[in-house]
Amino acid sequence: MSDDTVPASPAGGDATEEASDFIRAAVREDLKKGRYSYVRTRLPPEPNGWMHIGHAKAFMIDYYVALDFGGQCNLRFDDTNPEAEDLAFVEAITRDSRWLGLDCGDDRTFFASDYYGKLYELALKLIRKGVAYVDDLSDEEIRVYRGTAVPDKHNITLTPPGKDSPWRNRSVEENLDLFARMRAGEFADGSKTLRAKIDMAHPNLVMRDPVMYRIKRAPHYRVGNEWCIYPMYDFAHPLSDSIEGITHSLCSLEYEIHRPLYEWFIREAETFPSRQIEFSRLNITHTVLSKRWLKQLVEEGLVEGWDDPRMPTIAGLRRRGYTREAIKDFIDRIGIAKTNSMVDIQLLEHCLREDLNRRARRVMAVLDPVELVIANWPEGLVEELSAVNNPEDEAAGTRTLRFDGRLMIERDDFAEIPPPKYFRLFPGNQVRLRYGYIVNCTGFEKDASGRVTRVLCEYDPGTKGGNAPDNRKVKGTIHWVRAADAVPIEARLFDHLFLAERPMEVEPGKDWKEGVNPDSVQTRNGALGEPSLAEARLGESFQFERLGYFTRDPSDSEGRPRFNRSVSLRDTWAKIEKKQA
RNA sequence: UCCCCGGUUGUGUAAUGGUAGCACGGCAGACUCUGGAUCUGCUUGUGGGGGUUCAAAUCCUCCCUGGGGAACCA
């Protein structure tokens with residue numbers, strides 16, 4: 001059946017020498033022992049939701065295992081449940097996986113729904129072999145016959161052996177006739193199913209005569225009303241793999257228990273022997289990677305949408321400013337195993353910082369501005385200063401900054417009474433204005449409410465460019481923008497979506513949604529940036545010096561460019577503050 | 001209860017019978033025109049008991065413990 005899809009593809013990737021994980025070890029072993037002569041994997045999304053970083057992990061494993069062994073990877077939409085699926089999701093998933101660099105190509109993009117005809121033929125084959133039958137039991141009856149005790153997980157006392165359906169021993173002819181009539185639409189939805197005839201006393205419940213086809217008059221987003229019976233995952237998935245000549249069908253741990261069934265269908269259908277291997281799915285602290293929960297966050301307005309920058313969706317991460325390189329690096333670092341794990345979100349953030357530190361152009365922006373006046377600055381003088389665009393990348397060059405006696409600085413960078421170890425601006429202290437001059441704080445002004453409105457200082461004309469010719473140590477260097485030409489911007493700062501490390505673990509009686517961090521976004525709409533920020537392109541990352549990495553949001557804020565903080569810089573001062581508190 | 005799969009430092013992951021390593025985090029320090037970056041050092045780990053062996057994270061056994069399964073979802 002799969003002969004036409006099996007090329008003599010040489011196995012020669014960089015994972016053939018030594019295994020870096022148990023899956024690659026297994027693949028290499030299969031090749032060595034001649035179980036397969038090539039490697040082909042698949043990305044198996046169901047088009048019923050948005051792709052998140054958990055899917056990205058699975059997809060990257062699928063994709064790069066194939067690549068490492070010189071094989072191919074198919075993108076196959078597992079669309080066998082017409083009630084849940086939609087073309088819009090196909091498009092979103094395709095876009096997101098390509099953005100991640102997982103491009104299987106149009107010629108390697110498939111749909112389980114394309115195989116409905118073939119799957120139907122294989123079902124007929126199983127009926128003829130006497131290993132599938134049409135059952136008249138209702139869903140409720142099937143559950144009872146399976147030997148399921150009580151649906152309440154905490155209240156189950158034992159699992160009795162199942163009981164054969166009274167329709168289990170229909171003749172092949174009758175089954176063939178009934179199945180044809182199911183397909184022809186003669187029976188009501190839910191009134192009959194096609195079941196595999198395996199073993200109703202099997203200790204593995206999924207082997208107790210699983211349902212292969214159900215009657216469901218729902219239009220399918222791709223094949224419309226062509227079918228009123230649809231195959232179940234357990235039947236469709238292994239045989240779709242088989243049809244495509246997939247060698248290694250990699251999936252998450254929850255399918256482990258289905259593997260005997262996966263193998264049973266392929267054996268009985270006598271098709272290409274694809275092999276299923278399971279690994280653990282990704283969990284990350286302070287967030288959730290469950291389609292159902294993410295959907296609720298969106299639907300109940302707890303976030304702005306699927307692409308909200310706080311969401312762990314690929315669309316959300318992209319909007320937040322995550323790069324595909326950072327995500328790939330993260331996935332590589334967490335490894336592949338069968339242990340249920342909870343990865344610290346700080347590792348993800350570390351991967352982003354590392355990538356952006358190397359590539360992001362430095363600019364200055366002030367999130368919460370306060371005026372700084374240089375009292376001894378010559379009236380009317382405007383100077384030009386040279387600033388480095390990226391100290392990690394000489395090729396990024398320099399830019400020119402204009403400087404005069406009226407600047408805006410970060411409110412945090414001035415303290416009327418400095419806390420211990422504070423070495424920025426306070427009366428009597430000197431500080432360097434990045435790329436500008438060393439200034440000495442001489443005073444400040446406050447309004448009636450006690451809020452500082454202006455910081456006063458004097459500059460040392462001998463320190464242009466920030467140099468200290470007399471070699472004096474100036475501990476603090478602060479960022480600034482020139483009041484006269486700063487551009488108004490909005491900056492959004494994000495925190496974890498959930499306060500708790502493990503938001504899925506909800507205290508009894510509490511709603512998990514109470515765990516949503518009420519301060520997961522802070523908007524600074526009075527922020528000011530260097531003039532160049534007005535033309536910031538979408539998708540470009542910047543480091544706002546001393547503040548973090550930012551990227552432009554697709555939307556703006558009343559004409560002001562809106563920037564999302566992708567991740568902050570490592571903040572040693574915050575740690576000191578925290579310790580002092 | 002039954003069936004299946006796991007437990008290596010705070011977290012993630014190596015070591016496949018032979019020195020328990022790496023990364024992140026954390027802590028301390030050096031350096032620095034970003035309290036960034038970089039660099040150095042430190043950071044109580046093989047769930048427990050028994051067994052096999054010259055030698056066990058690794059093999060056997062019992063126990064403990066975590067996850068998954070019992071949809072006409074995937």
Side-chain angles (χ1 to χ4, degrees), chain A residues 20-21 25 44-46 48 78-81 83-85 135 137-139 142-143 146-149 151 153 156-162 189-195 202-208 210-216 229-230 232-234 236-237 251-260 278 280 285 291 333-351 353-354 357-358 362 364 388 391-392 421-424 432-436 438 463 465-468 474-479 501 543-548 568-576:
Chain A
S20 45
D21 58 74
E46 184 190 14
N48 72 342
D78 215 346
D79 53 357
T80 56
N81 182 8
E83 287 174 334
E85 297 148 5
D135 195 1
L137 255 30
S138 69
D139 54 351
I142 287 178
R143 202 172 314 140
R146 269 220 171 96
T148 305
K153 280 189 175 181
I156 294 172
T157 49
L158 90 165
T159 306
D189 283 14
S191 63
K192 283 182 168 47
T193 55
L194 183 70
R195 289 233 255 166
H202 199 108
N204 179 349
L205 285 299
V206 309
M207 295 296 275
R208 318 246 263 222
V211 174
M212 293 164 59
Y213 271 91
R214 74 280 211 187
I215 304 171
K216 186 174 280 191
I229 56 171
Y230 291 96
M232 301 289 292
Y233 168 87
D234 279 320
H237 198 85
C251 61
S252 51
L253 248 30
E254 63 211 272
Y255 294 102
E256 208 161 23
I257 199 161
H258 295 249
R259 194 187 333 129
E278 312 85 13
S280 67
T285 56
K291 217 179 260 184
R333 288 191 199 221
I334 58 176
I336 308 172
K338 297 185 75 164
T339 319
N340 296 301
S341 59
M342 177 66 71
V343 179
D344 194 328
I345 196 166
Q346 289 183 101
L347 179 60
L348 215 209
E349 295 173 344
H350 167 82
C351 292
R353 282 194 190 101
E354 194 170 81
N357 174 51
R358 212 165 25 221
R362 270 62 170 173
M364 289 197 282
V388 174
E392 308 292 323
K421 294 187 184 165
Y422 184 88
F423 48 76
R424 282 111 87 182
R432 176 167 22 236
L433 294 168
R434 179 77 157 152
Y435 299 121
I438 294 172
T463 58
N467 304 305
V474 178
K475 267 213 121 177
T477 298
I478 65 172
H479 60 278
E501 214 165 70
Q543 185 194 103
F544 289 5
E545 290 212 32
R546 304 211 298 134
L547 298 172
S568 67
L569 254 24
R570 247 186 68 217
D571 192 347
T572 310
W573 172 245
K575 280 180 196 165
I576 295 171

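First the proteins, then the strands, lettered A, B, ... as listed; each starts at 1. Just so you know, these numbers use all the heavy atoms, side chains as well, and skip hydrogens, waters and symmetry mates.
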Original post:
So which nucleotide from B:rG12, B:rA37, B:rG35 ends up closest to the side chain of A:Thr477?
Top reply: B:rG35
Original post:
Contact class for A:Thr339 vs. all strands (heavy atom < 4.0 Å): base, sugar-phosphate, or nothing?
Top reply: sugar-phosphate
Original post:
Between B:rC3 and B:rA70, how far is it from one C1' atom to the other, in whole Å?
Top reply: 9 Å
Original post:
C1' atom, B:rG47 versus B:rG6: distance in rounded Å?
Top reply: 12 Å
Original post:
What does A:Phe423 touch in the nucleic acid at a heavy-atom separation under 4.0 angstrom: a base, only the sugar-phosphate, or nothing?
Top reply: base
Subject >> Gap between atoms CG and P, on A:Asp139 and B:rA70 respectively (whole Å) >> reply: 15 Å
Original post:
Is A:Tyr213 close to A:Met232 at the side-chain level, that is, under 4.5 Å between some pair of heavy atoms?
Top reply: no
Original post:
For the pair made of NZ in A:Lys421 and P in B:rA28, what is the distance, rounded to whole Å?
Top reply: 8 Å
**OP:** Counting Watson-Crick and G-U wobble pairs only, both distances under 3.5 Å, name the nucleotide matched with B:rA28, or none.
**Re:** B:rU40
Original post:
Between the main-chain N or O of A:Val211 and the side-chain N or O of A:Thr193, is there a donor-acceptor pair closer than 3.5 Å?
Top reply: no
Original post:
Base, sugar-phosphate, or nothing for A:Ser280, non-hydrogen atoms under 4.0 angstrom?
Top reply: nothing
Original post:
Roughly, in whole Å, what's the span from CG in A:Asn340 to P in B:rU65?
Top reply: 17 Å
**OP:** For A:Asn467, answer base if it contacts any base atom (sugar-phosphate contacts may also be present), sugar-phosphate if it contacts only those atoms, and nothing otherwise; contact means non-hydrogen atoms under 4.0 Å.
**Re:** base
**OP:** Please measure how far the C1' atom in B:rG21 lies from the corresponding atom in B:rG29, and state the result in whole Å.
**Re:** 25 Å
**OP:** For B:rG45 and B:rU58, measure between their C1' atoms and round to the nearest Å.
**Re:** 16 Å
Original post:
Charged N to carboxylate O below 4.0 Å: is that the case for A:Asp189 and A:Lys216?
Top reply: no
**OP:** Remember a base hit wins even if backbone is also touched, and classify A:Tyr255 as base, sugar-phosphate or nothing at under 4.0 Å, heavy atoms.
**Re:** base
Subject >> Counter-base of B:rG21, judged by Watson-Crick or G-U geometry with both distances under 3.5 Å >> reply: B:rU13
Subject >> Integer-rounded Å distance: B:rU13 C1' and A:Leu347 CG >> reply: 11 Å
Subject >> Of A:Asn357 and A:Asp79, the one whose closest RNA chain B nucleotide lies more 5' >> reply: A:Asn357
**OP:** Assess whether one donor atom and one acceptor atom, taken from the side chain of A:Arg362 and the base of B:rU34, lie less than 3.5 Å apart.
**Re:** yes
**OP:** Measure the distance from NZ on A:Lys216 to C1' on B:rA74 and round it to the nearest whole Å.
**Re:** 11 Å
Original post:
Looking for any heavy atom pair under 4.0 Å, which part of the strands does A:Ile336 touch: base, sugar-phosphate only, or nothing?
Top reply: sugar-phosphate
Original post:
Between atom CD1 in A:Ile345 and atom P in B:rG26, what is the gap in whole Å?
Top reply: 14 Å
Subject >> A:Gln346 side-chain proximity, nearest of B:rU34, B:rG12, B:rC24 >> reply: B:rC24
Subject >> C1' atoms of B:rA14 and B:rA20, separation to the nearest Å >> reply: 10 Å
Original post:
Do A:Arg333 and A:Cys351 come within less than 4.5 Å of each other through their side chains, counting heavy atoms only?
Top reply: yes
Subject >> Any donor-acceptor N/O pair, A:Arg353 side chain to A:Ser568 backbone, under 3.5 Å >> reply: yes
Original post:
Going by distance alone, is a donor N or O of one side chain under 3.5 Å from an acceptor N or O of the other, for A:Arg208 and A:His202?
Top reply: no
Original post:
With a cut-off of under 6.0 Å to the ring centre and 45° to the axis, is A:Arg424 in cation-pi contact with A:Trp573?
Top reply: yes
Subject >> Candidate nucleotides B:rA23, B:rC5, B:rU34, ranked by approach to the side chain of A:Arg546 - the nearest >> reply: B:rU34
Original post:
Which nucleotide in the set B:rG12, B:rA74, B:rG26 lies at the smallest distance from any side-chain heavy atom of A:Glu254?
Top reply: B:rA74
Original post:
Of all the choices, B:rG36, B:rG12, B:rA14, which nucleotide is nearest to the side chain of A:Val343 once you look at every atom?
Top reply: B:rG12
**OP:** Determine the interatomic distance between P on B:rA23 and the same-named atom on B:rU38; round to the nearest Å.
**Re:** 13 Å
**OP:** Among B:rA71, B:rU34, B:rG12, find the nucleotide with the atom closest to the side chain of A:Arg143.
**Re:** B:rA71
**OP:** Report which part of the nucleic acid A:Tyr422 touches: base, sugar-phosphate, or nothing (heavy-atom distance under 4.0 Å, all strands).
**Re:** base
**OP:** Once you apply the 3.5 Å cut-off to both distances, tell me the Watson-Crick or G-U wobble partner of B:rG7, or none.
**Re:** B:rC64
**OP:** In whole angstrom, give me the gap between the C1' atoms of B:rG26 and B:rG10.
**Re:** 8 Å
**OP:** In plain terms, say whether A:Glu349 and A:Arg570 are close enough for a salt bridge, that is, a side-chain N and a carboxylate O under 4.0 Å apart.
**Re:** no
**OP:** Would you mind classifying the nucleic acid contact of A:Arg333 as base, sugar-phosphate or nothing, using non-hydrogen atoms under 4.0 angstrom?
**Re:** sugar-phosphate
**OP:** Give one of base, sugar-phosphate or nothing for A:Met232, where a contact means two heavy atoms less than 4.0 Å apart.
**Re:** sugar-phosphate
**OP:** Among the candidates B:rG35, B:rC27, B:rG69, find the nucleotide nearest to the side-chain atoms of A:Val206.
**Re:** B:rG69
**OP:** Answer yes or no: does a side-chain N or O of A:Thr80 lie under 4.0 Å from OP1 or OP2 of B:rA74?
**Re:** yes
**OP:** Look at all strands and tell whether A:Gln543 reaches a base, only sugar-phosphate, or nothing, counting heavy atoms closer than 4.0 Å.
**Re:** base
Original post:
Any idea which of B:rC24, B:rA70, B:rG35 is nearest the A:His350 side chain?
Top reply: B:rC24
Original post:
How would you label the contact of A:Glu46 with the nucleic acid (heavy atoms, under 4.0 Å): base, sugar-phosphate, or nothing?
Top reply: sugar-phosphate
Original post:
On a plain distance test, is the side chain of A:His258 in donor-acceptor contact with the base of B:rA74 below 3.5 Å?
Top reply: yes
**OP:** Check whether any side-chain N or O of A:Thr572 sits under 4.0 Å from OP1 or OP2 of B:rG36, and answer yes or no.
**Re:** yes
Original post:
Counting side-chain heavy atoms from C-beta on, which of B:rC24, B:rG36, B:rA74 comes nearest to A:Asn81?
Top reply: B:rA74
Original post:
Which of these nucleotides, B:rA74, B:rU34, B:rG26, is closest to any side-chain atom of A:Lys575?
Top reply: B:rG26
Original post:
When we call it a touch if two heavy atoms are under 4.0 Å apart, what does A:Glu256 touch: a base, just sugar-phosphate, or nothing?
Top reply: sugar-phosphate
Original post:
Between A:Leu137 and A:Ile257, which has a closest nucleotide on RNA chain B that is more 5'?
Top reply: A:Ile257
Original post:
Which part of the nucleic acid, if any, lies within contact of A:Pro44, taking any heavy atom under 4.0 Å across all strands shown: a base, the sugar-phosphate backbone alone, or nothing?
Top reply: nothing
Original post:
Would you find a donor on one side and an acceptor on the other, under 3.5 Å apart, between the side chain of A:Arg432 and the backbone of A:Gly466?
Top reply: yes
Original post:
Just how far, in rounded Å, is P of B:rA71 from CZ of A:Arg214?
Top reply: 14 Å
Original post:
Heavy-atom distance under 4.5 Å between the side chains of A:Asp344 and A:His350, does that happen here?
Top reply: no
Subject >> Length of the CG-P vector between A:Asp571 and B:rA37, whole Å >> reply: 10 Å
Original post:
If you look at every strand shown and take non-hydrogen atoms under 4.0 Å, does A:Arg353 touch a base, only sugar-phosphate, or nothing?
Top reply: nothing
Original post:
Taking the same atom, C1', in B:rU32 and in B:rU40, what whole-Å distance lies between them?
Top reply: 15 Å
